[in-house]
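Every chain is numbered from 1, with letters handed out A, B, ... down the list of sequences. What you see is a predicted model; the values in this text were computed from it and never measured.
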Number of protein chains: 4
Amino acid sequence: MATTAPGRKRSETARLAILDAARELVAADGYENLTIEGIASRAGVGKVTIYRWWPSKGLVLAEALLDRAPVINTRPPAVTGRIADDLRNWLHDWVRVLASPEGSSQIRALTSAASDDQAVAVRLYEAFTAPLHTMIVQRLGHAAQIGEIRSDADLESAADAVVGSLLYRMLTRTEEVTTQRADGLLDLLLHGLTPHSRRSEDPQETADR
Amino acid sequence: MATTAPGRKRSETARLAILDAARELVAADGYENLTIEGIASRAGVGKVTIYRWWPSKGLVLAEALLDRAPVINTRPPAVTGRIADDLRNWLHDWVRVLASPEGSSQIRALTSAASDDQAVAVRLYEAFTAPLHTMIVQRLGHAAQIGEIRSDADLESAADAVVGSLLYRMLTRTEEVTTQRADGLLDLLLHGLTPHSRRSEDPQETADR
Amino acid sequence: MATTAPGRKRSETARLAILDAARELVAADGYENLTIEGIASRAGVGKVTIYRWWPSKGLVLAEALLDRAPVINTRPPAVTGRIADDLRNWLHDWVRVLASPEGSSQIRALTSAASDDQAVAVRLYEAFTAPLHTMIVQRLGHAAQIGEIRSDADLESAADAVVGSLLYRMLTRTEEVTTQRADGLLDLLLHGLTPHSRRSEDPQETADR
Amino acid sequence: MATTAPGRKRSETARLAILDAARELVAADGYENLTIEGIASRAGVGKVTIYRWWPSKGLVLAEALLDRAPVINTRPPAVTGRIADDLRNWLHDWVRVLASPEGSSQIRALTSAASDDQAVAVRLYEAFTAPLHTMIVQRLGHAAQIGEIRSDADLESAADAVVGSLLYRMLTRTEEVTTQRADGLLDLLLHGLTPHSRRSEDPQETADR
DNA sequence: GACTAACCGAGACGGTACGTCTTGTCTTGGG
DNA sequence: CCCAAGACAAGACGTACCGTCTCGGTTAGTC
């Protein structure tokens with residue numbers, strides 16, 4: 001039993017050539033000008049080999065960029081000291097990525113791909129947005145545990161604000177993503193997250209809720 | 001001088017038929033399946049009439065949706081009472097739009113169009129993102145003036161957070177755009193925006209900046 | 001009434017370029033290596049322009065060769081003297097065509113095309129085989145009328161024999177299509193077609209029919 | 001010495017499965033739709049097994065049809081009595097084959113195959129056309145020996161006429177092959193082949209040659 | 001009232017890319 | 001060394017749109 005599948009094995013060479021070609025072409029021409037024929041031709045591969053293993057152009061790109069792009073830094077924020085310092089450092093790293101040609105073009109390409117292919121959207125969320133979101137929530141959760149920030153705040157919304165303001169700005173690509181903006185946002189959020197014991201006499205935003 | 005140009009006038013009938021066709025087709029099939037031929041055919045119009053008046057497919061859609069879509073509500077928040085109430089009401093209206101099939105599909109289509117056409121990106125920013133952003137900044141500015149919130153905060157970043165977190169979430173997870181989420185964000189931001197006189201003993205987020 | 005069809009007219013330039021390209025390519029590579037892409041490319045034409053006007057590759061070729069190939073000589077036999085001389089001259093012309101590289105390759109290509117496309121078979125019959133057949137029948141009919149050959153013979157069968165033996169031989173053994181062969185056939189047929197008055201005492205081939 | 005070759009022996013099962021599959025598929029879909037992949041798949045055989053033993057698709061078909069098709073009757077005409085009767089009976093058998101769906105489709109397929117593969121053309125000639133031709137020449141030769149027909153006629157041309165008129169008509173497949181036509185041809189040829197002693201006063205077809 | 005300029009619909013044009021099919025070769029594991 | 005399975009590079013298939021270019025025909029002014 002458990003007889004191995006017959007036939008020739010999938011070529012790892014071809015697989016890597018395809019992913020490399022996709023990454024290079026999207027960097028050069030953008031997602032809108034990426035074609036299966038172009039990828040196949042640059043990779044020295046038959047089109048069928050792409051169609052055999054990937055259901056859509058977008059998912060080729062997703063695999064090419066999400067699994068293998070060092071520029072998309074997804075390390076979590078450090079836990080070296082105060083929450084403000086750790087998040088600021090981490091955000092500055094991200095701003096650097098988003099402001100760089102490679103980083104912005106890669107994320108923009110993935111977003112374009114996601115917007116016309118639901119499967120890419122799912123992959124992008126699972127491999128990029130969700131981890132990013134979770135890292136922030138976890139770092140804030142740690143701060144909450146040690147009393148650095150208040151423990152009853154909606155950390156999910158805080159992470160939304162961080163992720164959304166950076167990425168939506170980059171996607172609409174009409175204004176630069178800057179460290180100043182990131183610092184302003186962080187300042188604001190940490191004000192809102194400071195332990196509320198000191199602020200209980202302020203009723204206006206929570207009274208009627 | 002200033003002689004009026006000779007020749008037949010642009011057909012308003014054709015213009016409206018094109019915009020209607022674009023809106024209907026994008027609603028039915030999505031931006032990725034929108035074609036100039038499809039629009040021309042449905043509008044009963046020659047392709048040249050589209051190419052004559054619009055430089056790209058995306059800008060046809062931008063005109064069809066941005067200028068004529070009642071569902072994309074762009075009224076500013078009211079100034080009827082406390083900032084928390086006014087913003088909450090306004091945000092709830094927006095959540096309704098973003099969670100609706102029409103609203104989300106229209107904004108998603110515009111974002112797709114923007115992501116492969118810089119001109120659409122500019123139009124989308126000018127006609128949608130920027131006004132939205134400005135409304136929030138202005139309402140917060142008013143609150144700051146009357147001392148309802150602290151006056152030294154970065155209101156631009158606050159507006160970024162509101163716009164970005166709602167829209168980025170809608171783009172990636174429409175089903176999770178909820179009023180609870182919006183309330184959580186608002187709660188957090190208003191905490192961060194309360195007058196800081198009471199919080200000056202807390203150095204950590206501003207000390208080294 | 002009788003409003004003319006709207007839209008751009010068919011391009012005669014494109015039509016001729018396609019037919020020329022088809023003729024050149026089939027001469028160079030044979031019917032089996034003829035492709036629509038190849039024709040389009042050599043003619044400097046879009047594939048759709050071919051698909052728009054011809055239902056199949058074979059019919060492009062049929063039009064290219066049947067309507068425009070001077071090498072396929074379809075003039076009828078002259079009526080200058082004795083039937084034997086006129087048919088012999090005419091057959092020698094045909095042998096020249098069938099033994100030439102152009103003539104044989106063109107007819108061979110058409111026959112290949114006919115064998116995988118019924119519509120080509122019909123065209124080939126109507127434009128080539130049938131006229132050929134008719135010419136022979138008519139020349140023999142004239143001879144029968146003036147008493148040069150017997151009047152009760154099956155001229156259709158005679159024409160079949162002429163056309164079939166030349167063409168079938170060319171299809172299978174081009175190198176053996178010779179004037180000697182044609183002369184042998186003609187000799188035989190004219191023996192069979194001489195007035196039968198002199199032969200009535202020979203019963204064997206007609207007795208039991 | 002004479003050591004037997006090492007390794008596994010050729011599978012007769014596979015060979016027969018391939019030939020059967022080829023025959024069935026060509027009967028069902030015609031030569032133009034016959035593919036190596038289709039044969040391999042129906043025969044339950046790897047494509048390589050076909051490529052290993054046959055140099056081309058056409059030769060698979062040639063082997064499948066020429067060596068194993070009972071419908072292609074290649075028995076020589078009997079020598080039971082008068083040449084007219086023997087040839088007429090034999091021709092009627094052939095007309096039956098050519099008018100039948102199996103016979104005509106098989107010969108048509110072989111001719112198609114021959115027209116894009118010179119090796120098939122050679123095989124078809126050797127195994128089909130040449131034997132047919134030879135049989136006719138031999139039967140006529142026997143009749144000439146016993147004085148039934150004239151001995152100085154070009155029997156090769158007579159055989160050409162018989163083979164060519166039947167097969168060319170079938171190949172262009174626009175008109176039926178009928179026994180009447182065959183009888184007409186035979187009648188004509190035997191007239192032309194009757195001993196010329198009775199006709200020596202007729203100079204016109206041989207005088208000037 | 002004709003002229004002229006710009007509009008309009010229809011639709012053919014040269015192209016690019018699509019996703020599929022088949023070709024002939026190569027690779028794998030088993031007989 | 002054979003075999004079935006099946007991956008591979010190549011390249012043609014027929015289709016969909018692209019953006020451009022006629023083609024008649026329709027509105028407007030301006031002479």
All N/O pairs under 3.5 Å across the protein-nucleotides 16-18 of chain F interface:
| unit_1 | atom_1 | unit_2 | atom_2 | d |
| --- | --- | --- | --- | --- |
| dC18(F) | OP1 | Ile36(B) | N | 3.0 |
| dC18(F) | OP2 | Ile36(B) | N | 3.1 |
| dC18(F) | OP2 | Glu37(B) | N | 3.0 |

- Think Thr49(D) has a side-chain N or O under 4.0 angstrom from the OP1 or OP2 of dA4(F)? yes
- Leu16(A) CG to dA7(F) C1', straight-line distance once rounded to whole Å: 16 Å
- Provide, to the nearest angstrom, the distance between the CD1 atom belonging to Ile39(D) and the P atom belonging to dC3(F). 16 Å
- Rounded to the nearest Å, what distance is computed from the CD atom of residue Glu12(B) to the P atom of nucleotide dT27(F)? 16 Å
Protein N or O to nucleotides 1-6 of chain E N or O, pairs below 3.5 Å:
| unit_1 | atom_1 | unit_2 | atom_2 | d |
| --- | --- | --- | --- | --- |
| dA6(E) | N3 | Arg8(B) | N | 3.4 |

- Sequence neighbours excluded, which residues qualify as side-chain hydrogen bond (donor to acceptor under 3.5 Å, both in side chains) partners of Thr111(C)? none
- What one should report as the nearest heavy-atom pair of Ala14(A) and Thr49(A) is CB-CG2, 4.4 Å
- Which residues satisfy the side-chain hydrogen bond (donor to acceptor under 3.5 Å, both in side chains) test with Arg15(C), sequence neighbours excluded? Glu12(C), Glu63(C)
- Task: Output all residues satisfying side chain to side chain contact (heavy atoms under 4.5 Å, CB included) with Asn33(A), sequence neighbours left out; order by chain, then residue number.
- Result: Asp29(A)
- Task: To the nearest Å, give me how far apart CD (Glu32(C)) and P (dC13(F)) are.
- Result: 14 Å
- Taking only residues two or more places apart in sequence, or in another chain, which ones meet Tyr31(C) in a ring-ring contact (aromatic ring centres under 6.0 Å, His included)? none
- With sequence neighbours excluded, give me every salt bridge (charged side-chain N to carboxylate O under 4.0 Å, His left out) pair touching residues 39-49 of chain B. Glu24(B)-Arg42(B), Glu37(B)-Lys47(B)
- Item | Residue pairs, two or more places apart or on separate chains, that pass salt bridge (charged side-chain N to carboxylate O under 4.0 Å, His left out) and touch residues 110-124 of chain A | Asp67(A)-Arg123(A)
- Query: Given atom CH2 of Trp54(D) and atom C1' of dT23(E), what is their separation to the nearest angstrom?
  - Reply: 18 Å
- OP1, OP2 of dT26(F) versus side-chain N and O of Lys9(B): anything below 4.0 Å? no
- Hits for side-chain hydrogen bond (donor to acceptor under 3.5 Å, both in side chains) against Thr174(C), two or more places apart or cross-chain, chain-then-number order -> Arg108(C)
